[in-house]
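This one's a predicted model, so the numbers in the text were calculated from it and none came from an experiment.
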Amino acid sequence: MAANRNIFIAVLLISSHYSVFACKYVLAIDIFYEKGAITLTSAEDKKLQEWFDASLVKFPFIGSLGIEANAYAPNLEDAKILAATRGTLLKAKLSMRLPADTIIQVGSFGHTKTKRDVLPTTDVVFIDITPDVEKMKLPPCLPQPLAKPN
């Protein structure tokens, strides 16, 4: 038991060390669904559209779009189907405004618990946009070493 805890702490320290020094250009949003729904409320749809419009202004050349759809249902298979449906519908909605060759990755996860970690619900979709760094000619994101004084 103590060995597992020590391994966990070591992995946590190593991963936090690297996350301090590495970065990635990305814009992200969490979209919440009503329990059992496959479509967004008008407020969440508006939130998504405003975020997506602002993202396309900031990153006119999109490298990839990631969608992680989650859903709750008492039955795991029903939850998986609901999550997959949400992911598919969002992919169709957002891909209409992107070039055909944009990489779009969709993952879906069903849950039999209504809450997940610190989020108030498992009826949530996480969406992220990464720019095409080369087309946008963005500077390197990794920190540069300091120049040695002469």
Find the distance between CZ (Phe61) and NZ (Lys137) and round it off to the nearest 0.5 Å.
-> 8.5 Å
Applying salt bridge (Lys or Arg N to Asp or Glu O under 4.0 Å) to Asp30 and not counting sequence neighbours gives none
Transitive ILVMFWY side-chain link Leu98 to Val26, under 4.5 Å = no
All side chain to side chain contact (heavy atoms under 4.5 Å, CB included) counterparts of Thr39, not counting sequence neighbours = none
Within one Ile-Leu-Val-Met-Phe-Trp-Tyr cluster: Leu48 and Ile38, side-chain cutoff 4.5 Å = no
Only counting residues at least two apart or in another chain, list the ones meeting salt bridge (Lys or Arg N to Asp or Glu O under 4.0 Å) with Lys47.
-> Glu44
Point-to-point distance, once rounded to the nearest 0.5 Å, from CG of Leu40 to CD1 of Ile31 = 6.5 Å
Tell me whether Leu56 is reachable from Leu65 by hopping between hydrophobic residues (I, L, V, M, F, W, Y) whose side-chain heavy atoms are closer than 4.5 Å.
-> yes
Using the test salt bridge (Lys or Arg N to Asp or Glu O under 4.0 Å), find all partners of Lys58 that sit at least two apart in sequence or belong to another chain.
-> none
Gap between atom CG of Asp132 and atom CG of Leu138 - 0.5 Å precision | 9.0 Å
In Å, rounded to the nearest 0.5 Å, how long is the span from NZ of Lys91 to CD1 of Ile127?
-> 13.5 Å
Tell me, please, which residues at least two apart from Asp53 pass salt bridge (Lys or Arg N to Asp or Glu O under 4.0 Å).
-> Arg97
Can you give me every donor-acceptor pair (side chain of residues 71-90, partner residue at least two apart or in another chain, under 3.5 Å) with its distance?
from  : atom 1 : to     : atom 2 : distance (Å)
Asn75 : OD1    : Glu77  : N      : 2.8
Asn75 : OD1    : Asp78  : N      : 3.1
Thr85 : OG1    : Ile81  : O      : 2.8
Arg86 : NE     : Ala37  : O      : 2.8
Arg86 : NH1    : Asn70  : O      : 2.9
Arg86 : NH1    : Asp123 : OD1    : 2.9
Arg86 : NH2    : Glu34  : O      : 3.4
Arg86 : NH2    : Ala37  : O      : 2.8
Arg86 : NH2    : Asp123 : OD1    : 3.2
Thr88 : OG1    : Ala84  : O      : 2.9

Is Ile129 close to Trp51 at the side-chain level, that is, under 4.5 Å between some pair of heavy atoms?
-> yes
Calculate, to the nearest 0.5 Å, the distance between atoms OG1 and OH belonging to Thr122 and Tyr33 respectively.
-> 13.5 Å
Between OG of Ser64 and CG of Asp128, what distance do you get to the nearest 0.5 Å?
-> 6.5 Å
